[in-house]
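Reading through the structure tokens given below for one structure.
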Amino acid sequence: GAGVSQSPRYKVAKRGQDVALRCDPISGHVSLFWYQQALGQGPEFLTYFQNEAQLDKSGLPSDRFFAERPEGSVSTLKIQRTQQEDSAVYLCASRPDRGRRTEAFFGQGTRLTVV
Amino acid sequence: AQRVTQPEKLLSVFKGAPVELKCNYSYSGSPELFWYVQYSRQRLQLLLRHISRESIKGFTADLNKGETSFHLKKPFAQEEDSAMYYCALTPPGTYKYIFGTGTRLKVLA
């Protein structure tokens, strides 16, 4: 494909609503990451998948955040009962392998605004 | 705690002037270090990584383990270098990036 694809590009949610953000990684990429980027900050790690296995979820800020990648390709980040502090750009990235040195390819991000 | 510090939020230079974007990290092991760049309305993309010792678009970065720094340099800035630059590291034993807060580089005509 053309690269990592994320949808929707923009999402406005009322406080308390549940949202689901989708990531289509580059076909065949083993590793998939989610990052949260607040305004004026660098991306902050949320969670990491190797194929369908979620190997690291240490960055998820609360149990309202949940991510899955059931078939080792598409991933969904779900946020339940959204709060204003969840407003941020959510970035997805994929890598072709498990290496620490290989390039990660980022999506355009989903800008979530909680009102 | 592992941390990446980019002390300048904004750096403005004139076209043709040298550029140095600072990056310091706090980690005592041997992390992998990277520079990522985001041009206006584009996605974040890799600029260079320390292991490759490469020069991309005229940029270089030298890892100084003694000073725990990985500054990005270019001898002659071009207008098309204007972008947001992020320094990042991957600690040993993990796969995730830890990013700095970024420096916006503006190259003035």
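Fair warning: this is a prediction, and the values are worked out from it, not measured in the lab. We use all heavy atoms of the structure for the numbers below, so side chains are in, but hydrogens, waters and symmetry mates are not. Below, read A as the first sequence line, B as the second, and so on, with proteins coming before strands; counting in each chain starts at 1.
- Rounded to the nearest 0.5 Å, atoms CD (A:Gln37) and CD (B:Gln38) are 6.5 Å apart.
- Contacts between A:Ser58 and chain B at a heavy-atom distance below 4.5 Å involve the side chain alone, from C-beta outward.
- A distance of 11.0 Å separates CG of B:Leu48 from CD of A:Glu103, quoted to the nearest 0.5 Å.
- Between B:Tyr97 and A:Tyr35, some side-chain heavy-atom pair lies under the 4.5 Å cut-off.
- Among A:Gly107, A:Gly109, A:Gly59, the residue making the largest number of heavy-atom pairs under 4.5 Å with chain B is A:Gly107.
- In this structure, chain B has no heavy atom under 4.5 Å from any part of A:Phe105.
- In this structure, A:Glu71 places its CD atom where only 12 or fewer heavy-atom neighbours from other residues, nucleotides or ligands lie under 6.0 Å away.
- Heavy-atom pairs under 4.5 Å with chain A were tallied for B:Gln45, B:Gln6, B:Glu32, B:Lys9; the largest tally goes to B:Glu32.
- Contact record, A:Arg95 with B:Tyr95: NH1-O, 2.9 Å, taken as the closest heavy-atom pair.
- Open room surrounds OH on A:Tyr10; 12 or fewer heavy atoms of other groups in view lie less than 6.0 Å from it.
- When hydrophobic clusters are built by joining Ile, Leu, Val, Met, Phe, Trp and Tyr residues whose side-chain heavy atoms come closer than 4.5 Å, directly or via intermediates, B:Tyr39 is grouped together with B:Leu21.
- The shortest heavy-atom contact between B:Tyr36 and A:Phe106 is CE2-CE1, 3.7 Å.
- Each of A:Phe66 and A:Val114 belongs to its own hydrophobic cluster when Ile, Leu, Val, Met, Phe, Trp and Tyr are linked at side-chain heavy-atom distances under 4.5 angstrom.
- Here the CD atom belonging to A:Gln41 is positioned 13.5 Å from the CZ atom belonging to B:Phe99, to the nearest 0.5 angstrom.
- The environment of CG in A:Leu39 is sparse: at most 12 heavy-atom neighbours from other residues, nucleotides or ligands sit within 6.0 Å.
- Counted within 6.0 Å of CZ on B:Arg104, heavy atoms from surrounding residues, nucleotides or ligands total 12 or fewer; the atom is thus considered open.
- Expressed to the nearest 0.5 Å, how far CG of A:Leu55 lies from NZ of B:Lys96 amounts to 12.5 Å.
- Contacts of A:Glu44 with chain B are absent, with no heavy-atom separation under 4.5 Å from either backbone or side chain.
- Remark: B:Arg3 CZ is loosely packed, at most 12 non-hydrogen atoms of other residues, nucleotides or ligands lying under 6.0 Å away.
- A donor-acceptor distance shorter than 3.5 angstrom exists from the side chain of B:Arg43 to the backbone of A:Val4, with no hydrogens or angles considered.
- Clustering ILVMFWY residues whenever any of their side-chain heavy atoms sit less than 4.5 angstrom apart, transitively, puts B:Phe70 in the very cluster that holds B:Val4.
- Surrounding CZ of A:Arg15 are at most 12 heavy atoms belonging to other residues, nucleotides or ligands under 6.0 Å away.
- In this structure, chain B has no heavy atom under 4.5 Å from any part of A:Ala93.
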